[in-house]
2 protein chains.
Amino acid sequence: MLPYILLGLINNQTKMSGYQISQEFNHEIGEFWHASHSQIYPELQRMISDGWIEPDAEVSDSKSIFYLITFDGKNILQEWLSEPLSEKDDLFSLKLYFIKNQDSPLLRELVEQQLQINSSHYEHLRSRRELVFPDEASIQNSYGHSLILNRAIERERNHINWLKSTLDNLE
Amino acid sequence: MLPYILLGLINNQTKMSGYQISQEFNHEIGEFWHASHSQIYPELQRMISDGWIEPDAEVSDSKSIFYLITFDGKNILQEWLSEPLSEKDDLFSLKLYFIKNQDSPLLRELVEQQLQINSSHYEHLRSRRELVFPDEASIQNSYGHSLILNRAIERERNHINWLKSTLDNLE
DNA sequence: AATGGCATGTAAGCTGTTACATGATTTT
DNA sequence: AAAATCATGTAACAGCTTACATGCCATT
């Protein structure tokens with residue numbers, strides 16, 4: 001996963017140093033993913049030898065080493081972004097982060113896919129609740145469990161509503 | 001983390017086998033945590049040597065090995081449940097799962113702690129949005145990023161509302 | 001008789017964290 | 001002058017997954 005994320009970050013900003021990337025994880029993208037510098041630096045070396053990125057040849061005033069995404073790297077990134085979302089992983093937010101343009105067809109695709117996933121998850125949770133907590137006694141018996149099942153259902157409901165209204169705004 | 005979860009599961013059900021525990025992760029608790037059998041079996045052995053659990057001495061008809069929580073184990077579990085929630089980790093749902101009784105003082109404590117965490121997170125996200133997306137141009141510039149920031153804020157808002165209404169119901 | 005689920009265990013490998021290390025620059 | 005931040009790297013370790021391995025029992 002990590003190489004795709006580094007690819008996405010470098011692509012978003014045109015050029016980035018390892019240090020800048022590690023700083024990014026303290027801010028916005030840190031909501032969805034984290035990587036420490038000891039993971040980032042070796043991964044960048046691997047990506048160079050795979051030909052996904054290249055060090056910026058421009059003479060730089062600073063001590064940082066900047067990396068650029070290659071043609072191959074751009075293709076790899078687009079391929080990864082186009083891969084269908086899966087139930088596990090939950091890469092929805094992460095992938096959205098790498099889509100800059102409102103008109104990208106990927107945007108609508110991703111939202112629709114996520115809507116499918118959340119809808120089926122929502123139905124699954126509701127049927128579990130019916131099964132596991134059919135009466136008041138079963139709730140009193142495992143009160144914490146019933147609370148978090150309710151919470152999970154409410155979370156899915158809210159996410160579905162947000163996705164639907166976002167789709168509407170995308171027209 | 002894993003040993004506490006196994007402790008909580010065994011405590012919830014009085015006695016459990018390794019296989020039963022691994023099955024649990026396919027159902028309800030699988031929403032919040034997962035562990036494979038190759039992790040569970042060695043961990044159970046460690047917990048025996050630590051004196052947290054013990055194999056059920058009763059002659060069992062089945063081939064399964066059942067484990068019981070010890071006195072020490074119960075104390076360890078209660079200690080862990082009582083530890084304040086932290087920003088990272090997100091153990092709220094997991095810990096709730098191990099609280100069976102509606103009248104447990106821990107229940108209210110956990111909900112109030114989580115409310116604090118979500119409230120401060122909510123404020124942080126809102127100030128980030130003001131900072132990063134001050135005008136329409138900045139939104140158009142990183143549309144996917146703005147979407148997921150909006151989503152994160154909405155998610156926190158919804159969680160906060162749920163926690164508040166749950167607190168009211170606990171009264 | 002063969003397939004699949006029950007039940008337990010070990011081994012290899014990947015991912016990620018914490019700690020160790022170094023040196024330059026900037027701030028106090 | 002000292003402390004903090006910038007900047008890059010390596011090493012040791014913890015946690016978890018996948019694959020390997022075995023044997024019993026129930027169903028088809």
Side-chain angles (χ1 to χ4, degrees), chain A residues 1-10 13 15-27 29-50 52-56 58-68 80 86-91 94, chain B residues 1-10 13 15-27 29-50 52-56 58-68 80 86-91 94:
Chain A
M1 199 78 333
L2 185 61
Y4 298 113
I5 296 162
L6 302 191
L7 218 47
L9 288 171
I10 294 170
Q13 310 273 340
K15 64 151 89 168
M16 285 191 97
S17 69
Y19 188 78
Q20 282 181 319
I21 290 170
S22 81
Q23 291 307 100
E24 283 276 302
F25 287 111
N26 298 333
H27 304 132
I29 201 179
E31 282 286 318
F32 317 103
W33 202 272
H34 185 262
S36 51
H37 75 273
S38 59
Q39 236 191 319
I40 293 167
Y41 291 118
E43 189 61 53
L44 287 169
Q45 299 312 310
R46 250 170 270 142
M47 290 165 77
I48 290 174
S49 59
D50 288 349
W52 297 12
I53 58 171
E54 53 188 5
D56 189 3
E58 300 280 311
V59 182
S60 66
D61 46 341
S62 88
K63 56 231 149 157
S64 297
I65 306 162
F66 287 90
Y67 299 96
L68 303 165
W80 176 67
S86 80
E87 292 255 9
K88 42 173 238 128
D89 289 352
D90 193 22
L91 298 178
L94 197 59
Chain B
M1 198 79 333
L2 185 61
Y4 298 113
I5 295 162
L6 302 191
L7 218 46
L9 287 171
I10 294 169
Q13 311 272 342
K15 64 149 88 167
M16 285 190 97
S17 69
Y19 188 78
Q20 282 182 319
I21 290 171
S22 81
Q23 292 306 102
E24 284 277 300
F25 287 110
N26 297 333
H27 305 132
I29 201 179
E31 282 287 318
F32 316 105
W33 202 272
H34 186 260
S36 51
H37 76 273
S38 59
Q39 236 190 318
I40 293 167
Y41 291 118
E43 189 60 55
L44 287 169
Q45 298 313 308
R46 251 170 268 141
M47 290 166 76
I48 291 174
S49 58
D50 289 348
W52 296 13
I53 58 172
E54 53 187 7
D56 190 2
E58 300 280 312
V59 182
S60 66
D61 45 342
S62 88
K63 56 230 149 159
S64 298
I65 306 162
F66 287 91
Y67 298 96
L68 303 165
W80 176 67
S86 80
E87 292 254 9
K88 40 172 239 130
D89 289 351
D90 192 24
L91 299 177
L94 198 58

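So that the names make sense, note that chain A is the first sequence line, chain B the second, and so on, each numbered from 1. Since the model is a prediction, treat every value here as computed from it, not as a measurement.
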Residues from residues 34-46 of chain B sitting under 4.0 Å of DNA chain D, heavy atoms only?
His34(B), Ser36(B), Ser38(B), Gln39(B)

Check the distance between dG15(D)'s C1' and Tyr4(B)'s OH and give it to me in whole angstrom.
15 Å

In whole angstrom, give the distance that lies between atom CD of Gln23(A) and atom P of dA4(D).
17 Å

Measure from CD1 on Ile65(A) to P on dA24(C) and round the result to the nearest Å.
15 Å

Within this structure, what is the CG-CE distance for the pair Asp89(A) and Met1(A), rounded to the nearest 0.5 Å?
6.0 Å

List the residues meeting ring-ring contact (aromatic ring centres under 6.0 Å, His included) with Tyr4(B), not counting sequence neighbours, and say none if there are none.
Trp52(B), Trp80(B)

Please check: side-chain N/O of Ser64(B) versus main-chain N/O of Phe66(B), any donor-acceptor pairing under 3.5 Å?
no

Separation of dG15(D) C1' from Phe25(B) CZ (nearest whole Å):
14 Å

CD1 on Ile53(B) to CE on Met47(B), rounded to 0.5 Å:
4.5 Å

Quick one: pull up OH in Tyr41(B) and OG in Ser36(B) and give me the separation to the nearest 0.5 Å.
11.0 Å

In whole angstroms, how far is the C1' atom of dG5(C) from the CD atom of Gln20(B)?
15 Å

Ile21(A) CD1 - dA7(D) P separation (whole Å)
13 Å

Expressed as a whole number of angstroms, how long is the span from Lys63(A):NZ to dA7(D):C1'?
7 Å

Taking five pairs at each terminus, the helix from dA1(C)-dT28(D) to dT28(C)-dA1(D) shows an axis bend, to 10°, of 30°

Just the atom pairs and distances: protein N or O near nucleotides 12-14 of chain C's N or O, under 3.5 Å.
none

Between dG9(D), dG16(C), dC6(D), which one does the side chain of Leu2(A) approach most closely?
dG16(C)

dC6(C), OP1 or OP2 - any side-chain N/O from Tyr19(B) closer than 4.0 Å?
yes

Decide yes or no on side chain to side chain contact (heavy atoms under 4.5 Å, CB included) for Gln13(A) and Gln20(A), but give the supporting numbers first.
CA-CA 10 Å; Gln13(A) 310 273 340; Gln20(A) 282 181 319; over 6 Å; no

Ile21(A) vs Ile5(A), side chain to side chain contact (heavy atoms under 4.5 Å, CB included): CA-CA, chis, key distance, verdict
CA-CA 10 Å; Ile21(A) 290 170; Ile5(A) 296 162; over 6 Å; no

Integer-rounded Å distance: dC6(D) C1' and Asn26(A) CG
13 Å

Could you grab the distance from atom CG of Leu91(B) to atom CZ of Phe32(B), nearest 0.5 Å is fine?
12.0 Å

Would you give the length of the straight line joining atom CE of Met16(B) to atom CG of Leu9(B), rounded to the nearest 0.5 angstrom?
5.5 Å

By side-chain hydrogen bond (donor to acceptor under 3.5 Å, both in side chains) - contacts of Glu43(B) (at least two apart):
Arg46(B)

Going by the rule side-chain hydrogen bond (donor to acceptor under 3.5 Å, both in side chains), which residues pair with Gln39(B) if we only count those two or more places apart in sequence or in a different chain?
none

